There are 2 protein chains.
Amino acid sequence: MRRDIFQAIADPTRRAIIGLIALQAMTPNALAEHFDTSRQAVSKHIKILTECELIKQEQKGREIYYRLELEKMKEIDIWLEQFRKMWETRFNQLDEVLSIMKEQKQ
Amino acid sequence: MRRDIFQAIADPTRRAIIGLIALQAMTPNALAEHFDTSRQAVSKHIKILTECELIKQEQKGREIYYRLELEKMKEIDIWLEQFRKMWETRFNQLDEVLSIMKEQKQ
DNA sequence: TATAAGTGCAATTATTCGGTTGCGCAAATA
DNA sequence: TATTTGCGCAACCGAATAATTGCACTTATA
């Protein structure tokens with residue numbers, strides 16, 4: 001059973017859950033209302049998100065509020081960093097080409 | 001058959017392939033040498049990456065060089081943007097708290 | 001106290017995934 | 001021309017995935 005953040009965000013429903021609780025903590029029932037699926041299915045997604053520590057829970061009586069662990073989201077950003085560097089470099093190179101062209105025009 | 005960029009990067013082998021061809025275009029055989037798996041298995045990953053337009057091919061004789069479509073990687077960055085905003089806001093809030101504490105010290 | 005509401009967990013099922021093996025085809029090479 | 005090399009594709013297989021259904025447990029409410 002692989003359980004990393006990239007596998008976690010692979011599912012569109014889980015990405016939607018992440019997007020929702022990023023704005024405010026929510027209960028499984030409240031979440032399920034947003035999707036065309038059962039509460040139990042949402043619970044399963046929550047379990048997966050919990051297992052890779054993307055979300056944390058806060059019990060309030062019989063309700064459980066889940067909130068996003070923003071810090072964990074940075075892990076994706078860290079992986080992306082290497083590629084961001086590349087496309088920024090390319091942008092700078094293009095920038096350079098454009099300025100050379102401009103010089104040649106003058 | 002779901003085929004989006006998030007499902008594509010869910011697999012660790014595919015992320016490794018992306019990382020490799022980001023540096024230089026490579027053939028399936030060359031890629032397979034980096035993994036403990038068959039060329040055909042790599043070919044399957046390549047197919048998936050191609051289907052969501054994360055990579056492009058360049059035929060050279062009987063060899064096919066695959067290169068990363070950097071632009072497509074930005075789609076992940078775009079999705080991440082909303083969360084990056086949040087953690088930057090939090091950071092700024094923390095920053096503010098710290099400066100207030102500093103003022104109170106003085 | 002009896003009932004309803006909110007939740008997690010286990011069993012089941014259809015589908016997808018990642019891998020292997022075995023082709024066939026085109027290009028390079030002997 | 002015969003053989004080797006590089007490749008994609010199809011068939012098959014075991015494991016993982018996402019969903020449903022049914023249940024048990026705890027907390028709120030009538």
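Computation of the quantities below employed the complete heavy-atom set of this structure, encompassing side-chain atoms and omitting hydrogens, waters and symmetry-equivalent molecules. Order of the sequence lines sets the chain letters (A, B, ...), proteins ahead of strands, with each chain counted from 1. Everything numeric in this text was worked out from a predicted model, so none of it was measured.
Comparing atom distances between the B:D11 side chain and each of C:dG18, C:dC23, C:dG19 picks out C:dG18 as nearest. Listed nucleotides: D:dT20, D:dG6, D:dT17. Nearest to the side chain of B:E63: D:dG6. Each of C:dA5, C:dT20, D:dG6 was ranked by its minimum atom distance to the side chain of A:R62; first place goes to C:dA5. Nearest nucleotide to the side chain of B:N29, out of D:dA28, D:dC7, C:dT7: D:dC7. Of the listed nucleotides (D:dT21, C:dG18, C:dT7), C:dT7 has the atom at the smallest distance from the side chain of A:I64. You'll find that the side chain of B:Q40 is closest to D:dG8, out of D:dG6, D:dT17, D:dG8. Listed candidates were D:dA18, D:dT21, C:dT21. Nearest to the side chain of A:S38 is D:dT21. When the nucleotides C:dT20, C:dG6, C:dA27 are ranked by their closest atom to the side chain of B:T37, C:dT20 comes out on top. Listed candidates were D:dA19, C:dG18, C:dT7. Nearest to the side chain of A:A41 is D:dA19.
Straight-line distance from the NE2 atom of B:H45 to the P atom of D:dC7: 16 Å, rounded to whole Å. Distance CZ (B:R14) to P (C:dT16): 15 Å, rounded to an integer number of Å.
Put simply, A:R39 has no side-chain N or O that comes within less than 4.0 Å of OP1 or OP2 on D:dA19.
The cationic group of A:K56 does not satisfy the cation-pi geometry with A:Y66, failing either the under 6.0 Å distance to the six-membered ring centre or the 45° limit from the ring axis.
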Check against salt bridge (Lys or Arg N to Asp or Glu O under 4.0 Å), B:E88 and B:K85: CA-CA 5 Å; B:E88 278 170 2; B:K85 272 182 195 163; over 6 Å; no
